[in-house]
Amino acid sequence: MHLILLGPPGAGKGTQAIALAERWQIPHISTGDILRQAIEDKTDLGIQARSHLEAGELVPDNVMMSLMRKRFAQPDMAKGWILDGFPRTLPQAKALDELLAIFQQPSPKVIYFEVTTGLLINRLMKMGRQDDTVDVIRRRIDIYQQETQPLIEYYEQRLCLTTINGNLPVAEVAHALSGLGEKETSGQASFIPSETEFDSLLAEAPLLVVDFTATWCGPCKLVAPLIDRLAGEYGTASAQTASAQGANAQQPVNIFKLDLDNNQAVAKRYGVKGIPTVMFFKGGELQETLVGVQTYEAYSEVVSKLSS
Ligand code: AMP
């Protein structure tokens, strides 16, 4: 699992990060904790960072990037990670993309904790951290809005952002996150591994059904069994059996799932706005799109209509 937790100070990212890191046995990288420790230990990093933390300002991007470069070079990062409090600016997000490419790490999922400002101030006051006076808290929230909020759009455009309601109690947020990291079960309809594979399926099959899905998407889990059933009923294998039997055999239908996180280019090409989305292609052209969780009959009706 490769995860970025994005959200304002006091959103509850740290609490959830600790639990998830424990569950998946992967490092939890809290840049705030690393910097506070460095200040306490009076290291070079601590000396550079101290005045920024005390003022509620951000530590300069170049300092943060050199810190993260060193962290990503550690062997424990190979099995996955949770970034909590990083990236916090657009330059950091872009530099992180480069770092991930250098270390051959996959694109992360991003969870955005959406919380109302009033609640944040209350929570931060209660936490009573040494570097938090009311003025510093307000400054940190202002800076979050100016510097960090643009990252929501940055990751939204890459279709890897999931928003959760951070106003809810800790246990409910944990519940909302509990579907993350579950193993994919592909059932009867298998996953299209790449854009190239998608293109060749599009060219080859008279009819292609694609279920755009992701491991973190709860409602997608309701659609998956319906698509599996569809594959069982209309899929290439059963259609071939039908044609071997002769009379009035239907055209074979290719029915697949497509993991949004691994195939953003395909989703972008067809303007997928949210998932679950199921698209029906005929002769290489998109014919119909069903968004959200539909009944089995709704999916099978489109297949019958297009294959007749
Ligand atoms: P946090 O505990 O995540 O709220 O971080 C505490 C403080 O550490 C922030 O107010 C910043 O001064 C500094 N800090 C943590 N992460 C970053 C970052 N990614 N970029 C710049 N400054 C950071």
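Residue numbers start at 1 and run along the sequence shown. No experiment lies behind these values; they were computed from the predicted model shown. When a ligand or atom number is given, it counts from 1 through the structure's own listing order.
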Could you tell me which atoms of ligand 1, counted from 1 in the order shown, lie closer than 4.0 angstrom to a heavy atom of [X]?
X     : answer
Gln92 : 18 (C), 19 (N), 20 (N), 21 (C)
Leu35 : 8 (O), 13 (C), 14 (N), 15 (C), 23 (C)
Leu53 : 7 (C), 8 (O), 12 (O), 13 (C)
Arg36 : 2 (O), 6 (C)

Regarding atom 10 (O) of ligand 1: of the candidates Arg50, Glu147, Arg139, Arg140, which has the closest heavy atom?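 When every heavy atom of Arg50, Glu147, Arg139, Arg140 is considered, Arg140 comes closest to atom 10 (O) of ligand 1.
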
I'd like the name of whichever of Glu57, Glu54, His52, Arg88 reaches closest to atom 1 (P) of ligand 1 through any heavy atom.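 Answer by nearest heavy atom: Arg88.
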
Would you call Glu147 and Arg88 a salt bridge, using N to O less than 4.0 angstrom? no

Test: Asp33 and Arg36 ion pair at under 4.0 Å: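 The answer is yes: the pair qualifies as a salt bridge.
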
Establish whether [X] and [Y] are linked, either directly or via other cluster members, by ILVMFWY side-chain heavy-atom contacts under 4.5 Å.
X      : Y      : result
Ile192 : Tyr270 : yes
Met68  : Phe103 : yes
Leu177 : Val170 : no

Val59 and ligand 1 - part of the residue with a heavy-atom distance under 4.0 Å: both

When only distance counts, is Thr31 in polar contact with ligand 1, meaning an N/O pair under 3.5 Å?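 N/O-N/O distance below 3.5 Å exists for this pair.
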
So, is Phe86 polar-close to ligand 1, with some N/O to N/O distance under 3.5 Å?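 No, there is no polar N/O contact under 3.5 Å.
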
Consider ligand 1: state whether an atom of it lies below 4.0 angstrom from any non-hydrogen atom of Lys13.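 Contact check Lys13 vs ligand 1: negative.
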
So, does Asp41 use its side chain to make a donor-acceptor pair with the main chain of Gly46 at under 3.5 Å?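 Answer holds: no.
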
Lys13 side chain to Gly7 main-chain N or O, any donor-acceptor pair under 3.5 Å? yes

